[in-house]
Amino acid sequence: MTIDQNTKLYGIVGYPLGHSLSPTMHNRAFAAAGLNAVYLAFETKDMDGCLKGVRALGICGMSVTIPYKTAAISHLDEVDELAQAIGAVNTIVNDDGRLVGYNTDALGALKALEEKTRLSGKTCLLVGAGGAARAIGYILKERAVELKVANRSPQRGEELAEFLDCPYIALDDLEVANADILIQTTSVGMSPHENNCLIPENILREAMVVMDIIYNPIETKLLKMAKDRGCRTINGLGMFIHQGAEQFRLWTKLDPPREVMTRAVMQALMKRT
Ligand code: ATR
């Protein structure tokens with residue numbers, strides 16, 4: 001690909017960004033679609049400055065990640081209904097100078113789950129109360145899933161439980177949750193701390209569906225334990241690819257090349273191990 005005066009610029013803003021595979025995934029997708037576009041990582045503590053830069057330089061689209069998914073909202077001209085309801089954006093589209101925010105995390109998680117299990121009527125324990133848990137909880141509630149929230153800090157956990165209108169459970173009391181599906185949304189167990197796990201083994205029952213949104217490593221300690229206990233497991237790769245594919249669709253209005261994106265991320269993860 002040749003970079004020239006017509007090259008469109010996209011990127012990700014967050015802090016820290018060291019672990020992000022979004023540049024690898026999106027650059028491969030742009031190339032596969034034959035687009036004259038590049039995607040860069042903007043690791044910055046100055047999110048306001050970054051978004052001013054997006055406007056001033058005509059950057060076409062941004063991914064937004066930790067810790068800016070909530071704070072970015074007040075800098076945008078418009079926020080779509082789902083992102084507004086969730087209270088977090090992970091995608092910005094620069095629509096002729098108007099910055100519009102979206103949330104593709106929710107749909108990404110939903111697609112990854114629906115590939116493996118039926119949702120309606122199930123009970124789901126959400127572990128964590130950050131932006132990811134909020135997005136996943138919101139969309140699962142819309143799908144008639146009965147939710148329970150567990151979190152390290154009771155205050156954040158109770159706030160999310162109130163938002164989702166569901167019970168809060170302390171991390172020490174997880175055995176009372178009795179859920180069909182468990183979704184781990186915290187960063188505990190992420191590389192380089194892959195020996196950590198928040199969930200006690202004894203709450204993992206056979207036939208339970210256990211999803212970890214971490215994709216590095218692909219199989220977290222939680223997922224290994226869950227497999228050993230006879231649970232069905234879902235790693236974080238599906239959600240990551242699906243949320244990225246929806247971003248690609250929003251930016252380019254084209255069908256995302258999912259297989260190319262998956263291969264790019266798998267190859268990058270394999271190189272790291
Ligand atoms: P994101 O937007 O990606 O979900 P976040 O808003 O920073 O990220 O939320 C991180 C979640 O991981 C929170 O639920 C956090 O728990 P607290 O609310 O108690 O901070 C959880 N978390 C992070 N590190 C943790 C740890 N070492 N032990 C337990 N929970 C942890």
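Treat the numbers as computed from the prediction; the structure is a model and nothing was measured. Atoms within each ligand, like the ligands themselves, are counted from 1 in listed order.
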- Can you name the ring pair (Phe, Tyr, Trp, His ring centres under 6.0 Å) partners of His26, sequence neighbours left out?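 Testing His26 for ring pair (Phe, Tyr, Trp, His ring centres under 6.0 Å), a comparison that skips the adjacent residues, returns Tyr39, Trp251.
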- Check ring pair (Phe, Tyr, Trp, His ring centres under 6.0 Å) between Tyr102 and all other residues, then give those that pass, not counting sequence neighbours.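 Tyr102 satisfies ring pair (Phe, Tyr, Trp, His ring centres under 6.0 Å) with no residue once adjacent residues are dropped.
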Which donor-acceptor pairs under 3.5 Å do the side chains of residues 177-184 make with protein atoms, sequence neighbours left out?
unit_1, atom_1, unit_2, atom_2, d
Asp180, OD2, Thr123, N, 2.8
Gln184, OE1, Thr186, N, 3.1
Gln184, OE1, Thr186, OG1, 2.6
Gln184, NE2, Thr186, O, 3.1
Gln184, NE2, Asp212, OD1, 3.0

- Taking any residue with a non-hydrogen atom under 4.0 angstrom from an atom of ligand 1, which ones do you get?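 Ligand 1 pocket, heavy atoms under 4.0 Å: Ile66, Gly128, Ala129, Gly130, Gly131, Ala132, Asn151, Arg152, Ser153, Arg156, Thr186, Ser187, Val188, Leu198.
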- Item | Residues Arg134, Glu162: salt bridge by 4.0 Å N-O rule |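 Not counted as a salt bridge, because no side-chain N and carboxylate O are separated by less than 4.0 Å.
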- Is Ile234 reachable from Ile218 through a run of hydrophobic residues whose side-chain heavy atoms are each under 4.5 Å from the next?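 No, it is not one cluster - the side chains of Ile218 and Ile234 are not joined through contacts under 4.5 Å.
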- Qualifying residue, where the test is side-chain contact (heavy atoms from CB on, under 4.5 Å) with Cys166 and the options are Leu126, Leu160, Val149: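 Of the listed options, the one satisfying the test is Val149.
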